[in-house]
Amino acid sequence: KEMGVFPLLTDFSYSHLLSPIPPAGGPVVDFSYVGIDAILEQMRRKAMKQGFELNIMVVGQSGLGKSTLMNTLFKSKVSRKSVLAAAQEKIPKTIEIKSISHDIEEKGVRMKLTVIDTPGFGDQINNENCWQPIMKFINDQYEAYLQEEININRKKRIPDSRVHCCIYFIPPTGHCLRPLDVEFMRRLSKVVNIVPVIAKADTLTLEERDFFKKKIREELRANGIDVYPQKEFDEDAEDRMINEKIREMIPFAVVGSDQEYQVNGRRLLGRKTKWGTIEVENIAHCEFAYLRDLLIRTHMQNIKDITSSIHYEMYRVRTTLLPTRCRRPLLPGSYPPPYITPVP
């Protein structure tokens, strides 16, 4: 001490000097907390600012309630027919692809919804190759996205016009799939997520409905048609268990209605008959609620992810592996074959 040398305090801890003393009666601070979980809130804020995009295609012959079902799903007039004057609507001689976009907002979440309709599908005497214009449209959207990606001065956020999901409407015959149904789903299931539904299921009894659903599942397996959710894309055991329950319910037997009725003091969407009211969102009446949950509440992001990481990637690999002379048919305005052997 006299020489200006202080003894070394080996048993002394400096931790109390480095750590702030919490005020008396104040909250106890967890000093082991880093804050990694804050990334979730950052991602949420960014997603809320950017908004979301969802592109749904509806395919089926006229009169199966495609427009009504879309209006029921989003509880607003989102279908093409809803904004088109009845006098302008005519059955086309060939298949047309028409889309309409809406900006939807719910609880601060913004989403750009695009509904793609296919008037004329299955309405002709000769429906041979009627799936080709639809296949061409889907691949054209992939090509447009690919061209934006490889652009030198590409946009910070590429507009996504790729078809995320195709809802295929099966007529409620109660017997089996038509050759047109089998051919369409067999071809298109390789390039887009297909969700088959039995349209106007209230025309079937419960026994007829169960038999028809079982028959359709058997035919899908027999023809190697893999509809969404595809078994090969299950990520883990939990996903497999959830998706297996969904696969057991496919195709969904649905009823659509945008009419509200008062039943036992409750306002609900339904179809009124002389025997009573068919409640759209009542799972004892139809399976609309299961379809809505799949498309919007539980699997929407997964549907978009599979479109981007599987279907679009398969298209990108096919096109980039081809020589220039073979790539010409793959440009917008032409139809690419579903499978192409890579050039060695």
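Residue Ile250 comes nearest to Pro229 through the heavy atom pair CD1-CD, 3.9 Å, listed as atom of the first residue, atom of the second, then distance. Thr118 and Val58 get closest at one heavy-atom pair: OG1-O, 3.1 Å. The nearest pair of heavy atoms linking Val182 to Ile225 is O-CD1, 3.7 Å.
How far OG of Ser79 is from CE of Met70: 8.0 Å, rounded to the nearest 0.5 Å. With values rounded to the nearest 0.5 angstrom, His164 atom NE2 is found 8.0 Å from Ser308 atom OG. Gln42 CD to Lys46 NZ: the interatomic distance, rounded to the nearest 0.5 Å, is 10.0 Å. The CG atom of Asn282 sits 12.5 Å away from atom CG of Leu269, with the distance rounded to the nearest 0.5 Å. Note that CZ of Phe211 and CZ of Arg209 are 15.0 Å apart. Values are rounded to the nearest 0.5 Å.
With salt bridges taken as basic N to acidic carboxylate O contacts below 4.0 Å, one links Lys136 and Asp140. A salt bridge links Arg187 and Glu183; the closest N-O separation between the charged side-chain nitrogens and carboxylate oxygens is under 4.0 Å. Salt-bridge check for Asp202 with Arg271: passed, with a basic side-chain N closer than 4.0 Å to an acidic carboxylate O. Checked for salt-bridge contact, Lys77 and Asp258 meet the test: a charged N lies under 4.0 Å from a carboxylate O. Ion pairing between a basic and an acidic side chain is recognised when a charged N comes within 4.0 Å of a carboxylate O; Arg178 and Asp181 show such pairing. A salt bridge does not link Glu53 to Lys112: none of the charged nitrogens lies less than 4.0 Å from a carboxylate oxygen. A salt bridge is defined here as a Lys NZ or Arg NE, NH1 or NH2 lying under 4.0 Å from an Asp or Glu carboxylate O, and Glu287 with Lys213 meets this definition. Under a 4.0 Å N-O distance rule, the pair Glu218/Arg221 does not qualify as a salt bridge.
When Ile310, Asp305, Asn193 are each tested for a side chain to side chain contact (heavy atoms under 4.5 Å, CB included) with Phe233, only one passes: Ile310.
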Show the numbers, then the answer: is there a ring-ring contact (aromatic ring centres under 6.0 Å, His included) between Phe288 and Phe252? CA-CA 7 Å; Phe288 168 82; Phe252 298 105; over 10 Å; no

Report the C-alpha separation of Glu106 and Val109 in whole Å, then their side-chain angles, then the decisive distance to 0.1 Å, and conclude whether the side-chain contact (heavy atoms from CB on, under 4.5 Å) test is met. CA-CA 5 Å; Glu106 183 181 50; Val109 179; 5.6 Å; no

side-chain contact (heavy atoms from CB on, under 4.5 Å), that's the test. Do Thr307 and Val163 meet it? Break it down for me. CA-CA 8 Å; Thr307 299; Val163 180; over 6 Å; no

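A cation-pi contact, defined as under 6.0 Å to the ring centre and within 45° of the axis, is absent between Arg316 and Tyr142.
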